[in-house]
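All of these numbers come straight from a predicted model, not from anything done at the bench.
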Amino acid sequence: QVQLVESGGGLVQAGGSLRLSCAPSGLTFSSAAMGWFRQAPGKERDFVTAISRSGGVTYYEDSVKGRFTIFRDNAKNTVYLQMNSLKPEDTATYYCAALRVGSVRYVGTSASEYDYWGQGTQVTVSS
């Protein structure tokens with residue numbers, strides 16, 4: 001059984017930083033592209049960023065470019081989301097997702113592509 005466990009969420013003031021982590025189990029980590037999505041109350045789940053199996057390709061939603069960084073450590077079976085210069089509009093539940101894919105360079109940007117999801121971790125940014 002595949003499980004994705006996110007950690008690192010919390011309450012932070014605007015301009016602050018948080019680092020989210022996601023450690024899948026029951027999955028060959030290096031065989032999966034990984035993504036982060038977020039969902040604010042009353043809104044749809046939106047793409048934030050994704051990283052390829054190799055870690056060599058990343059993709060970001062425009063509003064987080066230059067502020068968020070996704071990276072992975074395949075030796076530790078963990079993907080991270082470093083979030084800097086946080087804004088109140090970043091407040092949401094953040095979800096980690098795994099996409100089993102053959103290509104080492106593919107990144108998925110659509111939630112419907114992903115095979116497995118975590119339970120989410122809450123990020124709240126106060127103004």
Side-chain angles (χ1 to χ4, degrees):
Q1 182 178 0
V2 176
Q3 288 188 319
L4 279 64
V5 179
E6 302 102 333
S7 61
L11 173 64
V12 64
Q13 288 187 330
S17 298
L18 284 174
R19 177 177 290 186
L20 306 184
S21 301
C22 173
S25 61
L27 173 73
T28 302
F29 185 65
S30 60
S31 70
M34 301 297 297
W36 288 95
F37 292 75
R38 64 187 178 186
Q39 187 168 18
K43 296 188 176 182
E44 295 184 350
R45 189 170 298 188
D46 292 328
F47 171 78
V48 176
T49 181
I51 189 167
S52 63
R53 285 175 51 188
S54 66
V57 180
T58 58
Y59 193 82
Y60 296 90
E61 189 269 327
D62 286 346
S63 70
V64 307
K65 286 180 181 178
R67 300 188 299 122
F68 290 11
T69 302
I70 186 171
F71 58 102
R72 65 191 292 164
D73 186 337
N74 284 355
K76 295 183 178 180
N77 287 1
T78 303
V79 62
Y80 303 91
L81 178 61
Q82 178 67 41
M83 304 185 294
N84 299 328
S85 302
L86 282 160
K87 304 175 181 180
E89 50 264 44
D90 294 318
T91 295
T93 301
Y94 283 71
Y95 296 91
C96 172
L99 165 61
R100 292 177 301 172
V101 63
S103 169
V104 297
R105 293 182 56 82
Y106 185 80
V107 291
T109 60
S110 172
S112 62
E113 298 181 85
Y114 283 79
D115 299 300
Y116 306 104
W117 292 85
Q119 293 298 308
T121 185
Q122 178 66 37
V123 172
T124 302
V125 185
S126 63
S127 58

Check [X] against [Y] and note the closest heavy-atom contact, atom names and distance.
| X | Y | value |
| --- | --- | --- |
| S112 | S110 | OG-OG, 2.9 Å |
| Q122 | T93 | OE1-OG1, 2.9 Å |
| A23 | T78 | CB-OG1, 4.1 Å |
| A98 | A32 | CB-CB, 4.3 Å |
| S127 | A14 | CA-CB, 4.3 Å |

Between [atom1] on residue [X] and [atom2] on residue [Y], distance to nearest 0.5 Å:
| X | Y | atom1 | atom2 | answer |
| --- | --- | --- | --- | --- |
| Y94 | E6 | OH | CD | 12.5 Å |
| N77 | S30 | CG | OG | 8.0 Å |
| Y80 | M34 | OH | CE | 12.0 Å |
| R38 | E44 | CZ | CD | 14.0 Å |
| L18 | F68 | CG | CZ | 9.0 Å |
| Q13 | S126 | CD | OG | 5.0 Å |

Check this for me: [X], atom [atom1], are more than 12 non-hydrogen atoms of other residues, nucleotides or ligands nearer than 6.0 Å?
| X | atom1 | answer |
| --- | --- | --- |
| K65 | NZ | yes |
| Y59 | OH | no |
| Q82 | CD | yes |

Practice problem: Show your working on side-chain contact (heavy atoms from CB on, under 4.5 Å) between V57 and Y106 and close with a plain yes or no. | Solution: CA-CA 7 Å; V57 180; Y106 185 80; over 6 Å; no
Exercise. Would you please name every residue forming a salt bridge (charged side-chain N to carboxylate O under 4.0 Å, His left out) with R67, sequence neighbours left out?
Key: D90
Self-check item: Contacts of R19 that satisfy salt bridge (charged side-chain N to carboxylate O under 4.0 Å, His left out) - sequence neighbours left out
Solution: none
hydrophobic_cluster_shared for [Y] and [X], side chain cutoff 4.5 Å:
| X | Y | value |
| --- | --- | --- |
| L81 | F47 | no |
| L99 | L20 | no |
| Y60 | V125 | yes |
| W117 | I51 | no |
| V5 | L27 | no |

Quiz item: Should the pair F37 and Y114 be assigned to parallel (<30°), tilted (30 to 60°) or perpendicular (>60°) ring geometry?
Solution: perpendicular
Quiz item: Can you check side-chain contact (heavy atoms from CB on, under 4.5 Å) on M83 and W36, steps first, answer last?
Solution: CA-CA 12 Å; M83 304 185 294; W36 288 95; over 6 Å; no
Quiz item: Can you check whether E113 reaches V101 side chain to side chain, under 4.5 Å on heavy atoms?
Solution: no
Practice problem: Answer yes or no: is there a donor N or O on one side and an acceptor on the other, between the side chain of T124 and the main chain of T91, under 3.5 Å? | Solution: no
Quiz item: With no hydrogens and no angle check, is any side-chain donor or acceptor of R45 less than 3.5 Å from a backbone partner on Y95?
Solution: no
Self-check item: side-chain contact (heavy atoms from CB on, under 4.5 Å) between R100 and Y116, intermediate numbers included
Solution: CA-CA 9 Å; R100 292 177 301 172; Y116 306 104; 3.5 Å; yes
Quiz prompt | Intermediate values then yes/no, side-chain contact (heavy atoms from CB on, under 4.5 Å), T58 and V107 | solution = CA-CA 7 Å; T58 58; V107 291; 6.0 Å; no
